[in-house]
J.: 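Dumping the structure here so I can ask a few things about it.
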Amino acid sequence: MNHSIEELLIATIAEFLYGLKHIAVGVLSPIPGSAALLAKVRSEEVKKVSIIGSTQEPYRLDGGVDLFDCAGQGRVDAFFLSGGQIDGQANVNLTGIGAYPKQETRWSGAFGSAYLYFLVPRVILFREEHSRRVFVPKVDFISAPGVSAPNIYRPGGPYALVTPLCQFLFDRNKKQFFLKSIHQGHTLEEVHDNTGFDFEVPETIPITAAPTKKTLKLIREKVAPVIADPYPDFAKKCWPNH
Amino acid sequence: MNHSIEELLIATIAEFLYGLKHIAVGVLSPIPGSAALLAKVRSEEVKKVSIIGSTQEPYRLDGGVDLFDCAGQGRVDAFFLSGGQIDGQANVNLTGIGAYPKQETRWSGAFGSAYLYFLVPRVILFREEHSRRVFVPKVDFISAPGVSAPNIYRPGGPYALVTPLCQFLFDRNKKQFFLKSIHQGHTLEEVHDNTGFDFEVPETIPITAAPTKKTLKLIREKVAPVIADPYPDFAKKCWPNH
Amino acid sequence: MNSSIVSLSEMAKQIKNGHKVVLFKDCSVPMELGRTLIKQGTKDLHLVTVPTGSMLPDMLIGAGCVATVETSGVSLGEFGLAPQFGSAVKSGRIKILDATCPAIYAGLQAAEKGLPFIPLRGLIGSDVLKNREDFRVIDNPFMENDPIVVLPAIAPDVAIFHAGMADVYGNVYIARQAELKIISHAATKTLVTVEEIVDFNILEQPELAPAALSAMYVDGIALVPNGAWPLNLPGYYDYDRSSIKAYAVAAENDSSFKTWLETQNSSSKVNSH
Amino acid sequence: MNSSIVSLSEMAKQIKNGHKVVLFKDCSVPMELGRTLIKQGTKDLHLVTVPTGSMLPDMLIGAGCVATVETSGVSLGEFGLAPQFGSAVKSGRIKILDATCPAIYAGLQAAEKGLPFIPLRGLIGSDVLKNREDFRVIDNPFMENDPIVVLPAIAPDVAIFHAGMADVYGNVYIARQAELKIISHAATKTLVTVEEIVDFNILEQPELAPAALSAMYVDGIALVPNGAWPLNLPGYYDYDRSSIKAYAVAAENDSSFKTWLETQNSSSKVNSH
């Protein structure tokens, strides 16, 4: 069965989420949001998907403080972060480029990253642009650090990085990304060419598993109608016939 | 116009409350509650009287945390404390008699005193029993201290002590009570006989002003019907014809 | 439908000997669950009263269910002191951790936020502070010569309360008892008895949702009509004053308390009064 | 009746040059009050966005009302970056105090509780922390070798927001925006624009009371229908997407922003669109 790149990314990310009780998704995140919804329809253990800023039950939280308190209690199992820059130590830059504070390019800001990255056990990094502009040797500004000294309270941290070319796992001991698989149609050379940091490569590199027929059916029939509420444009683009 | 001892106490306490924006009253406090209500009907500046545990508007607060947060913000101007024992430094004992923790007599506990006594500018001490059993040289257990070292953050503290015999002001610099007036029909000797701590006495001792006709009318017509809601027995006893 | 709906006895079994159990004082007191704990012989509870307690902790203490009470005060209010609490403190049968009301709230709010500690004004110079080895005084990191108390987080094993309404999705309507959110967030598990379980989703009703505790925080719901009796539940029933008074009298000495307890155990008053 | 009901222009005058003003991000944004501040030429505001901000802070920055922004992020969401904010940061025209969302909440909650500081997990090792001279790292007083960040309380001069309904007694219905209680408790003054002012007492309606901000915390209420336009107010109106988009485009450069601003100033859209 044919699938789009979005459907591949949704299915790939969902693999990290099965069995987790509470998955939280930030704003402007249709693909992570779809992955979380897919995990919920496929896994009975997933009790709650929270979509930050959603005003719809059952996806809303009880106000803005609730997410952070909930993470502090250890009640958020997975969250997603992106970054204008991400480096090989999984440092994330959501703040801007150039010398702080008068940065050449100022993005929005750290949002909840400097907290949630420490507290949520599985933080999945996701970026739709895989380039040396994004994946840099060292971020200009650490909005949230990928790793911490051993005495820093940190039950959470980076778990994986998913892009349109490939997926990495993050090894918290080695403080390094490890290539898990490359998506169909792409090559290691292409990944190296577009990644500004070093990462570990396995001896044989798997191809990312394509979503099964059953998974695609669930995405199209169960996930698409729900994600269309917060993200109508995204849903229309991905599933024009649904 | 004749008045009861309760009406005298209500009018006497109310004198400390005029012009204060927010007066809070604890549980089981019909006389302080009546005084706060009298202050509100007589003084436009009194915007709010909170009666802890009340479920009636406009006297209720927004839950249990609200009172303490509100006091922390500097938004509670007066509060009332009592004590199983009170000593000459205005230390209050709400906890019990004898060696802690296995006390001979255990009362309920400190409640909010160990906090509110520090935060609320005018804490009025009130006790309906004026005896050496209550007013002791030194309390057995300091549930809340009357005075603090100068480096302790303490915008609040004891302001006055009202009993059925007399009223004292508390001098926070001298750390001592000062006799303000004796109620009609009582003597300095009687006060001394029944008070276990030393206090300052002025050269001429005023008699506590009797409530005016206007004040009594307000108490009977405006205060009594309202205080009858949380304290029906008290209201019936004090104002059987109302 | 939510699998968190259980029977009262199943719920009581989730509260284990030695658990730290948090109780809210106001009109949300799970009296029938308390009686069930007594019947099942629960022992060594560490009770945290929020911020004070009345008949429920007194009854549990008298029945021998309690090892430790962390409280700002236990009293029967207009019905007088809490006699079983008083005699247990006097005899040393229970360990007492005296606090002040905002310290209990602050400790729970620290746990709610995942903070290891939280500061609080006041307390310095009191014997409350002097007797709490787990409270510390530190220097305010932002101002010279400004000592301030810091309190450890209070993280109970179980929060229990009684409420008017839950829904089949596991959400609970807590009305104006906003503190029930704090205790549920702070506790590992939350168990709730209710007057009624409705079919609609409380969170989907715009006027109810702001005062709803989300199913995410609710681990068990049991249908127990009159479950706060003889205490009150606003919108449902008032205090049963004569029963509370009878308790206050009976609890004054151990033998009359025992007799009272046996009456309670032999027949639940809850569904028949 | 409550004397706190004022006109929009009287309300705006209570916000003085240099004030620390706290803004909540979600569907409670007092856009028309913001436009009034621009018209009256307010300067040197210290904005605290809770926890992030969108069009209102961007517009106020572009109009020259702002000296400092304390924020976890300013962005127009799906309409892109906040252009006036970005260029003001780049040029150094405003001072930026970067935070992370829960740090803003925690600082306000500290002020709400009258605490001088509050701890927060996370942040250590970030450049956010490195650039905040007012954040400190201390040792957890309850555990060895456990550094933790402490944040000073955030105590704004004024909280401003837009809501659906106030009553003539000065109470405001805040629906599910519970954080509006936090910002109002933390601020010295709270000014609220509303869609409607009702005659009944909101606090006396059992279903509304849990989501009401008491008049005790409300210093001014102004009737401003469509006061959040072009942003949304749930239960009243949705986003006016084309107007936001037009803003996003206009704000991209200073001259088109100025033109846009003049259009805004010459005629209020609020009561006529």
Side-chain angles (χ1 to χ4, degrees), chain A residues 27-28 52-53 55 60-69 71-72 84 89 91-98 100-120 139-156 230-231 233-234, chain D residues 24-27 49-54 69 71-78 81-82 85-92 94-106 109 120-131 140 143-148 176-180 182 232 234:
Chain A
V27 290
L28 303 182
I52 313 310
T55 56
R60 73 179 297 159
L61 280 158
D62 194 15
V65 174
D66 196 26
L67 171 71
F68 304 109
D69 285 0
Q89 294 226 317
N91 294 310
V92 163
N93 178 6
L94 291 157
T95 306
I97 296 178
Y100 188 88
K102 299 190 196 178
Q103 295 169 301
E104 290 155 43
T105 302
R106 167 74 198 202
W107 297 316
S108 44
F111 284 82
S113 66
Y115 174 82
L116 294 171
Y117 212 20
F118 289 76
L119 275 297
V120 178
V139 296
D140 285 22
F141 186 95
I142 301 175
S143 301
V147 295
S148 299
N151 66 330
I152 302 301
Y153 180 83
R154 185 160 195 176
Y231 303 109
D233 296 348
F234 171 79
Chain D
F24 187 56
K25 69 165 174 162
D26 270 347
C27 54
T49 72
V50 182
T52 58
S54 65
V69 179
T71 188
S72 305
V74 182
S75 124
L76 300 180
E78 59 178 302
L81 294 173
F85 164 72
S87 71
V89 169
K90 186 174 174 178
S91 70
I94 56 169
K95 183 178 173 190
I96 175 88
L97 293 169
D98 270 296
T100 184
C101 300
I104 301 258
Y105 284 124
Q109 287 175 301
L120 189 73
R121 289 299 190 184
L123 276 166
I124 295 173
S126 73
D127 288 334
V128 173
L129 177 63
K130 197 175 287 172
N131 288 282
N140 173 357
M143 196 183 300
E144 295 265 315
N145 194 24
D146 179 24
I148 185 167
R176 296 202 70 178
Q177 276 63 58
E179 286 76 11
L180 295 174
I182 299 174
N232 68 324

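Naming convention: chains lettered A, B, ... in sequence-line order (proteins, then strands); numbering from 1 in each chain.
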J.: Heavy-atom distances under 4.5 Å only: say whether A/Leu61 touches chain D with side chain, backbone, both or neither.
T.: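 A/Leu61 touches chain D through backbone heavy atoms alone.
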J.: For the residue pair A/Phe118 and D/Leu123, what are the closest heavy atoms and their distance?
T.: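 Heavy atoms of A/Phe118 and D/Leu123 come nearest at CE1-N, 3.4 Å.
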J.: Counting only non-hydrogen atoms closer than 4.5 Å, does A/Ser113 touch chain D with its backbone (N, CA, C, O), its side chain (CB onward), both, or neither?
T.: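 When you check distances to chain D, only backbone atoms of A/Ser113 fall under 4.5 Å.
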J.: What's the shortest heavy-atom distance between A/Gly112 and D/Pro102, and which atoms?
T.: CA-CD, 4.3 Å
J.: Restricting to non-hydrogen atoms, name the atom on D/Cys101 and the atom on A/Phe68 that form the minimum distance, rounded to 0.1 Å.
T.: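 Result for this residue pair: CB-CZ, 3.4 Å.
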J.: Given that the side chain runs from C-beta out, which part of D/Ala106 has a heavy atom under 4.5 Å from chain A: side chain, backbone, both or neither?
T.: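 When you check distances to chain A, no heavy atom of D/Ala106 falls under 4.5 Å.
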J.: Between atom OG of D/Ser75 and atom CG of A/Leu28, what is the distance when rounded to the nearest 0.5 Å?
T.: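 So the OG of D/Ser75 and the CG of A/Leu28 are separated by 6.5 Å.
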J.: Measuring heavy-atom distances to chain D, does A/Arg60 have an atom under 4.5 Å in its side chain, in its backbone, in both, or in neither?
T.: side chain
J.: Between A/Ser143 and D/Ser126, what is the shortest heavy-atom contact and its length?
T.: O-CB, 3.6 Å
J.: Quick one, A/Thr105 and D/Lys90 - any side-chain contact, counting heavy atoms below 4.5 Å?
T.: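 Side chain of A/Thr105 against side chain of D/Lys90, heavy atoms only: no contact under 4.5 Å found.
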J.: Can you tell me which of D/Leu81, D/Leu120, D/Thr52, D/Asn131 forms the most heavy-atom pairs within a distance under 4.5 Å of chain A?
T.: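 Of D/Leu81, D/Leu120, D/Thr52, D/Asn131, D/Asn131 has the most heavy-atom pairs under 4.5 Å with chain A.
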J.: Quick one about D/Asp98 and A/Tyr100 (side-chain donor to acceptor, distance below 3.5 Å, no hydrogens or angles considered), yes or no?
T.: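 Yes - a donor-acceptor pair under 3.5 Å links their side chains.
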J.: So, taking the atom named CG in D/Leu129 and the one named CD1 in A/Ile142, what distance separates them when rounded to the nearest 0.5 Å?
T.: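 The distance works out to 11.0 Å.
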J.: Atom CG in A/Asn151, atom CE in D/Met143: separation rounded to 0.5 Å?
T.: 11.5 Å
J.: Side-chain contact, heavy-atom cut-off 4.5 Å: D/Ile182 with A/Val65?
T.: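 A side-chain contact under 4.5 Å exists here.
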J.: I need the residue from A/Gly156, A/Gly109, A/Ser108 with the largest number of non-hydrogen atom pairs under 4.5 Å to chain D.
T.: A/Ser108
J.: By a 4.5 Å heavy-atom criterion (distance strictly below it), what part of D/Ser91 contacts chain A: side chain, backbone, both, or neither?
T.: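 For D/Ser91, the backbone is the part near chain A, not the side chain.
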J.: What heavy-atom pair brings D/Val128 and A/Ala110 nearest, and what distance separates the two atoms?
T.: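 That closest heavy-atom pairing would be CG2-CB, 3.9 Å.
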J.: Measuring from atom CD of D/Glu78 to atom OH of A/Tyr231, what distance do you get when rounded to the nearest 0.5 angstrom?
T.: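 The OH atom of A/Tyr231 is 9.5 Å from CD of D/Glu78, to the nearest 0.5 Å.
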J.: Applying side chain to side chain contact (heavy atoms under 4.5 Å, CB included) to D/Ile148 and A/Tyr153, what does each step give before you reach the verdict?
T.: CA-CA 8 Å; D/Ile148 185 167; A/Tyr153 180 83; over 6 Å; no
J.: Where does A/Asp69 contact chain D at under 4.5 Å (heavy atoms): side chain, backbone, both or neither?
T.: neither
J.: Between atom CG of A/Leu116 and atom OG1 of D/Thr100, what is the distance when rounded to the nearest 0.5 Å?
T.: 7.0 Å
J.: I'd like to verify something: which residue of D/Val89, D/Val50, D/Asn140, D/Leu76 has the highest number of heavy-atom pairs under 4.5 Å with chain A?
T.: D/Val89
J.: So what's closer than 4.5 Å to chain A heavy atoms on D/Phe85: side chain, backbone, both or neither?
T.: side chain
